[in-house]
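Contents: one structure, followed by commentary.
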Amino acid sequence: MPVRVRYAPSPTGSPHVGNLRTAIYNWLLVRKLGGQFIARLEDTDRTPGRYMPEGIWDIEESLRYLGTIPDEWWVSGGTSGPYIQSERLPLYKEYADRLVSSGHAYRCYCSRERLEAMRQEQQSKGIPTGYDRCCRTDVGREEMRIKRLSELGHEPPFVIRLAMPLEGQTVVHDLVKGDIVYDNRTQDDQVLLKTDGFPTYFLACAVDDHLMGVTHVIRGDDWLSSAAKFVAVINAFGWDPPALVHPPLILGPDRKKLSKRHGSTQFTEFVDQGYLPEALLNFLVLLGWSAGDENRELFTLPELIERFSLEGISEHPAIFDYDKLKWMNGMYIRQSPPGRIVGLCIQQLQKYKLIGDPPSESELDLARKLIPLEIERMKVLSEIVPMAEPFFTELKFPDGYEEKAVAKWLTVEYIKPLLQREIEIFSGLSVWDPSTLEDSVRSLADEMELKFAGVIHPTRVAVTGRTVGPGLFDAIWALGRETTLQRLNSVLEAL
RNA sequence: GGGGAUAUCGUCUAGAGGUUAGGACGAGGGAUUUUCAGUCCUUAAGCCGGGGUUCGAUUCCCCGUAUCCCUACCA
């Protein structure tokens with residue numbers, strides 16, 4: 001039997017990395033075992049502020065960026081569409097009615113106010129919260145309907161609730177955690193169809209998973225505690241539940257569900273900062289899954305497909321380690337063809353207005369020289385911006401020079417003759433390349449009877465205004481003769 | 001309040017009765033060197049507690065504790 005899995009995001013904004021991780025697990029399972037990866041848009045919550053259609057594009061982009069493109073989804077269609085739940089409303093109504101007819105669900109006329117008051121009271125009394133099932137009986141329901149009818153002056157709206165079995169147990173078979181038994185008496189009569197005609201998660205998912213032939217449901221662990229209700233709905237229809245898999249949650253450093261206050265959580269934020277898709281994917285996969293006793297952490301996509309299995313999913317939550325992600329991204333940056341990194345960094349420079357959009361020829365020339373020199377220093381692409389700053393902005397001593405750098409290296413007693421000689425030497429060079437520059441400065445050090453380091457450091461500060469950066473001669477070479485001389489002169493004159 | 005899940009270095013994890021408890025990030029030290037970074041070498045750091053089961057428990061069972069999740073006409 002082919003595996004069919006689904007990723008079911010809600011359009012509430014740019015996807016959370018935790019959601020993306022489940023998408024990746026789904027995708028990997030299908031690539032590994034064969035079958036179809038479905039994406040289905042769960043847009044049944046129309047509450048203003050929670051329904052954000054703009055988020056749909058981010059969802060699509062994130063999947064494309066990671067390379068985990070669904071086999072069937074609303075973008076390309078498929079045999080089980082539509083893949084947007086708001087386009088399947090008649091279906092949910094039909095199936096909800098079916099449950100009502102079979103006695104597995106019932107209409108509930110209770111007002112939100114009544115429900116809210118009930119919950120308040122239960123909480124204040126310290127007793128378990130939940131619906132009191134007053135509409136579950138024909139008598140109670142009719143009473144409530146009449147009451148609401150007289151209040152409203154028209155036929156009152158109703159929801160459809162699941163008639164949860166009053167006794168017995170519901171067993172959830174989780175492939176990672178094993179069988180979990182829930183006492184039905186602790187389960188509420190879940191609302192399945194809302195007054196606005198939209199289904200809740202439980203109905204929509206049960207119906208869609210069944211109709212779409214979903215064999216494995218992989219979703220976050222936050223769904224585990226309500227899994228009994230989910231399975232109860234499926235049981236009520238008389239269907240076989242799909243295999244369930246609940247990968248552990250991703251937590252922030254304070255051990256709470258990862259959220260904005262911990263730092264970036266949304267996919268687009270990571271992309272903006274310059275995380276590479278393969279790094280993001282590799283890192284996310286490893287949060288909650290392990291290849292076993294293999295002592296590695298860097299895997300290519302084919303390697304992950306080869307190794308992926310549900311058994312490797314861990315059972316305990318994982319804390320999102322931003323430092324490790326950075327490290328991994330740096331590894332991938334250094335493994336990438338430099339040309340690719342150059343291109344991506346140029347985009348960053350454009351975004352932060354260090355170069356024009358489009359960039360001029362000379363800007364491009366400098367960027368192509370400089371960026372490869374900075375690659376080994378980068379962990380995220382956006383770091384190129386501060387690194388490139390002294391190269392793309394006009395430095396006029398002492399403006400733009402780091403104070404501490406100046407204090408330390410431009411105060412040496414031989415600074416003036418040193419800069420003077422460098423200006424002379426650099427002006428006369430017939431070839432402008434790193435090794436020629438290095439040779440010339442080495443002989444200057446000999447000539448002035450100075451240690452090489454004693455020449456290097458003041459020069460670096462005079463030319464770039466910083467103490468850190470690429471190898472000095474690479475930097476000077478990239479910067480070009482004109483700018484280098486200009487800066488040396490400006491320092492010499494001002495001292 | 002009710003229900004569920006989980007528990008190995010600070011963090012991500014390997015381990016599936018007998019191991020010097022392994023790897024990675026981060027931290028410390030060293031080497032390279034032209035600064036930073038990178039690279040290489042290296043050090044410290046862990047089985048939540050208590051009962052069982054067993055010749056023997058990090059590992060299996062129970063209890064406790066802690067943490068997280070659910071408890072909405074949100075997903």
Side-chain angles (χ1 to χ4, degrees), chain A residues 8-12 19 42-45 47 50-51 108 110-112 115-116 119 122-131 157-161 172 174 177 180-183 185-188 190-196 198-202 204-205 219-229 246 248-249 251 253 255-257 283 286-298 314-328 330 334 374-379 387 405 409 438 441 452-453 455-457 459-461 464 466-475:
Chain A
S10 300
T12 50
N19 285 101
E42 312 248 318
D43 59 343
T44 58
D45 185 359
T47 315
R50 276 208 292 260
Y51 175 58
C108 167
C110 291
S111 67
R112 289 169 194 263
L115 263 16
E116 180 54 32
R119 188 178 312 119
Q122 289 164 337
Q123 277 170 353
S124 67
K125 282 184 177 170
I127 58 176
T129 54
Y131 180 51
F158 58 86
V159 300
I160 291 180
R161 282 183 186 271
V172 172
D174 186 285
K177 304 212 160 130
I180 300 157
V181 181
Y182 295 81
D183 191 326
R185 281 168 296 201
T186 64
Q187 303 296 312
D188 207 357
Q190 179 65 41
V191 170
L192 300 178
L193 202 64
K194 302 181 259 187
T195 46
D196 63 1
F198 281 82
T200 61
Y201 177 88
F202 297 89
C205 264
R219 34 109 90 163
D221 193 48
D222 42 351
W223 290 105
L224 187 61
S225 25
S226 60
K229 290 193 282 193
H246 293 96
L249 250 26
L251 273 26
R255 302 193 164 274
K256 299 266 191 281
K257 219 171 166 178
F283 178 74
L286 257 29
L287 272 187
W289 176 83
S290 157
D293 55 10
E294 206 171 352
N295 284 334
R296 285 176 63 180
E297 50 289 313
L298 260 26
S314 59
E315 301 167 48
H316 51 271
I319 293 173
F320 195 96
D321 185 348
Y322 288 91
D323 280 341
K324 190 158 184 176
L325 204 215
K326 270 195 173 182
W327 164 78
M328 195 173 277
R334 270 166 262 122
E374 302 281 17
I375 283 179
E376 62 185 14
R377 242 168 302 268
M378 273 190 274
K379 289 205 163 67
M387 288 172 179
W409 291 111
E438 176 163 359
V441 172
F452 192 46
V455 175
I456 289 276
H457 299 309
T459 307
R460 184 196 312 283
V461 175
T464 69
R466 314 282 128 109
T467 53
V468 303
L472 178 62
F473 306 106
D474 287 327

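Model, not experiment: these values are computed from the prediction. Letters go in sequence order (proteins before strands), and every chain restarts at 1.
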Sugar-phosphate, base or nothing in reach of A/Thr12, heavy atoms under 4.0 Å: nothing
Touch class at under 4.0 angstrom, heavy-atom based, for A/Gly330 against every strand present: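 A/Gly330: no heavy atom of the nucleic acid under 4.0 Å.
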Closest contact, heavy atoms only, [X] versus [Y]:
X        : Y        : value
A/Tyr131 : A/Asp188 : N-OD1, 3.1 Å
A/Phe198 : A/Asp43  : CE2-O, 4.2 Å
A/Leu286 : A/Met328 : CD2-CE, 4.2 Å
A/Arg50  : A/Thr12  : O-CG2, 3.2 Å
A/Val455 : A/Val441 : CG1-CG1, 3.5 Å
A/Lys229 : A/Gln190 : NZ-OE1, 2.8 Å

B/S/- contact track for nucleotides 19-36 of chain B, protein heavy atom under 4.0 Å: ---BSBB--------BBB
Sequence-aligned protein contact record of nucleotides 59-75 of chain B, with B where the base is within under 4.0 Å of a protein heavy atom and S where only the sugar-phosphate is: ---------SBSSSBSB
Taking only nitrogen or oxygen atoms into account, show me every contact under 3.5 Å that the protein makes with nucleotides 44-49 of chain B, one pair per line with its distance.
none

Does any nucleotide pair with [N] by Watson-Crick or G-U wobble geometry, both distances under 3.5 Å, and what is it?
N      : answer
B/rU39 : B/rA31
B/rA14 : none
B/rA45 : none
B/rA72 : none
B/rU53 : none
B/rU6  : B/rA66
B/rU58 : none

Expected output: side-chain A/Asp174 to main-chain A/His246 donor-acceptor under 3.5 Å: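 Yes.
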How far, in whole Å, is [M] from [N] if one measures between their [atom1] atoms?
N      : M      : atom1 : value
B/rU13 : B/rU58 : C1'   : 14 Å
B/rU67 : B/rC74 : P     : 31 Å
B/rU19 : B/rG28 : P     : 34 Å
B/rU35 : B/rC69 : C1'   : 49 Å
B/rA21 : B/rG38 : C1'   : 32 Å
B/rG52 : B/rA75 : P     : 50 Å
B/rU32 : B/rA45 : P     : 28 Å
B/rA44 : B/rA7  : P     : 28 Å

Separation of [N] [atom2] from [X] [atom1] (nearest whole Å):
X        : N      : atom1 : atom2 : answer
A/Trp289 : B/rC12 : CH2   : P     : 17 Å
A/Ile127 : B/rG1  : CD1   : C1'   : 9 Å
A/Phe283 : B/rU11 : CZ    : P     : 14 Å

By salt bridge (Lys or Arg N to Asp or Glu O under 4.0 Å) - contacts of A/Glu294 (at least two apart): A/Arg296, A/Arg307
Test: A/Asp196 and A/Lys194 ion pair at under 4.0 Å: no
For A/Tyr201, ring pair (Phe, Tyr, Trp, His ring centres under 6.0 Å) partners two or more places apart: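 Expected list: A/Trp223.
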Nearest-nucleotide 5' precedence on RNA chain B, A/Arg334 against A/Asp293: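 Looking at RNA chain B, the more 5' nearest nucleotide goes with A/Asp293.
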Side-chain heavy atoms of A/Pro317 within contact of A/Arg255, under 4.5 Å: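 The answer is no; the side chains never approach within 4.5 Å.
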Non-hydrogen side-chain atoms of A/Arg377 and A/Pro470 separated by less than 4.5 Å: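 A side-chain contact under 4.5 Å exists here.
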Partners passing side-chain contact (heavy atoms from CB on, under 4.5 Å) against A/Lys379 (at least two apart in sequence or in another chain):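 With sequence neighbours excluded, A/Lys379 shows a side-chain contact (heavy atoms from CB on, under 4.5 Å) to A/Lys326, A/Glu383, given in chain and number order.
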